[in-house]
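First up is the structure itself, then whatever we jot down about it.
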Amino acid sequence: MDFSVKKLASDAGVFFSRAVQFTQENLGQAEKTELDAHFENLLTRADNTKNWTEKILHQTEVLLQPSPSARVEEFLYEKLDRKAPSRVTTAELLGQYMTEAANDFGPSTPYGQTLIKVGETQKHLGAAERDFIHSSSINFLTPLRNFLEGDWKTIAKERRILQNRRLDLDACKARLKKSKAAEAKAAALPDFQETRPRNYILSASASALWSDEVDKAEHELRVAQTEFDRQAEVTRLLLEGISSTHVNHLRCLHEFAEAQATYFAQSYQYMLDLQKQLGSSRAELFPVGNTDPASQPLSSSPPPATLPVLQVASSNPGEVPLNPVEVTPPVSGTRKARVLYDYEAADITELALFADELITVYSLPGMDPDWLVGERGNKKGKVPVTYLELLS
């Protein structure tokens with residue numbers, strides 16, 4: 001019990017000494033040991049790494065799971081060391097609703113058939129999204145969390161110890177400085193009056209006491225300096241390990257980008273397949289000469305544009321649609337166009353397009369304004385305007 005009380009008193013004394021030193025430094029009343037420039041740069045880089053890792057981690061979590069409540073639920077499962085239940089993605093849920101609606105409306109009806117096709121694509125998109133989330137969580141989020149919850153906590157702990165060692169060192173320096181000043185003052189003012197011999201004895205005793213105090217302060221300073229240097233070296237090694245952390249995070253970032261590229265490539269392929277399916281069914285529902293309102297583009301993004309809409313402007317309903325392959329281009333009115341997206345021709349009257357190629361385009365009387373006739377070498381056919389950038 002006596003030992004515990006002594007230790008408690010000693011710890012309280014050290015804490016009080018550090019508090020006094022810290023307060024005096026903030027008030028400008030005490031000197032502070034400064035770290036070298038390289039060490040300060042290591043500290044700054046470590047702090048920046050921690051701060052940006054936290055921001056990147058949080059925003060990636062938002063990207064993968066936009067719902068705050070779902071993120072909180074996953075966090076609680078992780079802290080409880082329990083596996084989170086499998087969650088259906090929004091695309092999969094949408095696909096399920098479309099399939100159920102098709103069964104309700106009739107899977108053999110045109111609307112039901114289209115609902116089934118789009119619903120299946122949505123399910124594929126949802127499955128690809130779930131794979132992307134799973135891969136990103138393992139290969140990207142987990143390493144970032146491990147750094148913040150492991151390496152960074154160790155660095156922060158050693159930095160706190162270094163801060164305490166520095167306060168102890170500066171407190172010892174201040175104590176030694178005061179002891180030397182008191183010793184010099186006691187040695188410079190002895191009382192030699194013969195009528196007061198007792199005062200001389202007291203003065204000499206005080207000088208000897210301050211000399212002992214100086215020796216004690218010097219010993220404490222040497223011990224404090226040794227502990228500070230040792231702790232500074234430990235902290236320095238940990239801070240230099242941030243370079244390895246950057247290398248590891250770089251590898252994880254590459255894996256995240258590859259997973260995201262795979263996800264978008266799969267999604268693009270699924271939508272291309274759906275576009276072909278819808279294009280063929282639309283051609284059956286809206287043959288040449290009929291107007292499909294859905295074919296009108298709503299934005300600058302590439303529309304399905306698989307419905308042939310070129311026809312002769314004539315009041316005769318029995319007149320045969322005009323084939324652009326058999327039409328001679330006008331003498332004037334042709335211009336160059338750059339292709340923005342790949343386009344697969346739906347039939348022989350259309351011209352397949354490849355992104356970034358240059359073709360010659362022109363319009364014919366009676367053509368739908370959303371289509372032009374395109375020529376590439378000796379090939380010609382109808383092309384959708386929304387897939388082109390017309391050049392002057």
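Keep in mind that this is a model prediction, so the values were computed, not measured. Computation of the quantities below employed the complete heavy-atom set of this structure, encompassing side-chain atoms and omitting hydrogens, waters and symmetry-equivalent molecules.
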_Within the supplied structure, the quantity of interest is the number of heavy atoms (other residues, nucleotides, ligands) at a distance under 6.0 Å from His134 NE2; does it exceed 12?_
no

*Heavy-atom side-chain contact between Arg159 and Gln163 under 4.5 Å*: no

*Could you tell me how the ring of His124 sits relative to the ring of Tyr270: parallel (under 30°), tilted (30 to 60°) or perpendicular (over 60°)?*
parallel

*Hey, does Leu43 have a side-chain heavy atom less than 4.5 Å from the side chain of Leu35?*
yes

_Asp273 vs Gln277, test: side-chain hydrogen bond (donor to acceptor under 3.5 Å, both in side chains). Steps then yes/no._
CA-CA 6 Å; Asp273 296 340; Gln277 296 178 33; over 6 Å; no

*Heavy-atom pair of closest approach, residues Phe256 and Ser136*: CD1-OG, 3.5 Å

*Measure the OG1-NZ distance between Thr89 and Lys123 for me, rounded to the nearest 0.5 Å.*
11.5 Å

*Any sub-3.5 Å donor-acceptor pair from Gln231's side-chain atoms to Glu158's backbone N or O?*
yes

_same_hphob_cluster(Val383, Leu390) at 4.5 Å side-chain heavy-atom cutoff_ = yes

Can you give each donor-acceptor pair under 3.5 Å made by side-chain atoms of residues 248-255, sequence neighbours left out, with the distance rounded to 0.1 Å?
residue	atom	partner	partner atom	Å
Asn248	OD1	Arg251	NH2	2.6
Arg251	NH1	Glu255	OE2	3.2

*Are Phe354 and Tyr387 co-members of a hydrophobic cluster defined by side-chain heavy atoms under 4.5 Å apart?*
no

*Please test Lys180 against Glu218 for side-chain contact (heavy atoms from CB on, under 4.5 Å), starting from the C-alpha separation and ending with a verdict.*
CA-CA 10 Å; Lys180 287 184 176 181; Glu218 288 178 344; 3.7 Å; yes

*With the side chain counted from C-beta on, respond yes when Thr386 and Asp370 share a heavy-atom pair under 4.5 Å apart, and no when they do not.*
no

_For Ala46 against Leu239, the heavy-atom pair lying closest together_ = CB-CD2, 3.6 Å

_Heavy-atom side-chain proximity of Thr90 to Leu94 below 4.5 angstrom_ = no

_Side chain Ser363, main chain Leu372, donor-acceptor under 3.5 Å_ = no

*Mind running side-chain contact (heavy atoms from CB on, under 4.5 Å) on Glu129 and Ile133 for me, showing each step along the way?*
CA-CA 6 Å; Glu129 179 185 3; Ile133 293 174; 4.0 Å; yes

*Scan side-chain atoms only and decide if Asp229 and Gln225 contain a donor-acceptor pair under the 3.5 Å cut-off.*
yes

*Find the distance between CD (Glu357) and CZ (Arg376) and round it off to the nearest 0.5 Å.*
4.0 Å

*Ignoring hydrogens and angles, tell me if any N or O in the side chain of Asp151 forms a donor-acceptor pair with the backbone of Phe147 under 3.5 Å.*
no

*asked:* Restricting to non-hydrogen atoms, name the atom on Tyr341 and the atom on Leu353 that form the minimum distance, rounded to 0.1 Å.
replied: O-CB, 4.2 Å

*Note, Thr49 side chain near Trp152 side chain (heavy atom, < 4.5 Å)*: no

*Kindly indicate, with the supporting measurements, whether the criterion salt bridge (Lys or Arg N to Asp or Glu O under 4.0 Å) is fulfilled by Asp212 and Lys216.*
CA-CA 6 Å; Asp212 294 340; Lys216 180 180 178 181; over 6 Å; no

*Which pair of heavy atoms, one from Val88 and one from Leu93, lies closest together, and at what distance?*
CG1-N, 3.8 Å

*Mind checking the NZ-OG1 spacing from Lys157 to Thr235? Nearest 0.5 Å is all I need.*
11.5 Å

*asked:* If you apply the rule side-chain contact (heavy atoms from CB on, under 4.5 Å), what do you find for Lys50 with Thr53, and how did you get there?
replied: CA-CA 5 Å; Lys50 179 255 186 182; Thr53 300; 5.9 Å; no

*Is Val62 linked to Tyr263 within one hydrophobic cluster, defined over Ile, Leu, Val, Met, Phe, Trp and Tyr using a side-chain heavy-atom separation of less than 4.5 Å?*
no

*asked:* Please say yes or no: joined through hydrophobic side-chain contacts below 4.5 Å, possibly via intermediate residues, are Ile359 and Tyr343 part of one cluster?
replied: yes

*CG-NZ distance between Asp170 and Lys177, expressed to the nearest 0.5 angstrom*: 11.5 Å

*Quick one: do Phe264 and Leu64 end up in the same hydrophobic cluster if we chain Ile, Leu, Val, Met, Phe, Trp and Tyr together by side-chain heavy atoms under 4.5 Å apart?*
yes

*Between the main-chain N or O of Ala232 and the side-chain N or O of Arg165, is there a donor-acceptor pair closer than 3.5 Å?*
no

Using a 3.5 Å cut-off and no angle test, enumerate the donor-acceptor pairs between side-chain atoms of residues 95-108 and protein atoms at least two apart in sequence or in another chain.
residue	atom	partner	partner atom	Å
Gln96	NE2	Glu100	OE2	3.2
Thr99	OG1	Gly95	O	2.9
Asn103	ND2	Thr99	O	3.3

*Start with the C-alpha distance between Lys178 and Glu213, add both sets of side-chain angles, then the distance that settles salt bridge (Lys or Arg N to Asp or Glu O under 4.0 Å), and finish with yes or no.*
CA-CA 10 Å; Lys178 292 179 181 178; Glu213 187 66 24; over 6 Å; no

*Could you check Arg45 against Ser243 for side-chain contact (heavy atoms from CB on, under 4.5 Å), going step by step and ending with a plain yes or no?*
CA-CA 10 Å; Arg45 187 176 65 159; Ser243 298; 3.0 Å; yes

*asked:* Between Asp342 and Leu272, is there a side-chain heavy-atom distance shorter than 4.5 Å?
replied: no

*Do Val339 and Asp356 come close enough that some side-chain heavy atom pair is under 4.5 Å?*
no

*For the salt bridge (Lys or Arg N to Asp or Glu O under 4.0 Å) test, which of Lys380, Lys382, Arg335 pairs with Glu375?*
Lys380

*asked:* Working to the nearest 0.5 angstrom, can you tell me the gap between Leu391 CG and Thr360 OG1?
replied: 10.5 Å

*For the atom pair CG (Asn139) and CG (Leu144), what is the distance rounded to the nearest 0.5 Å?*
11.0 Å

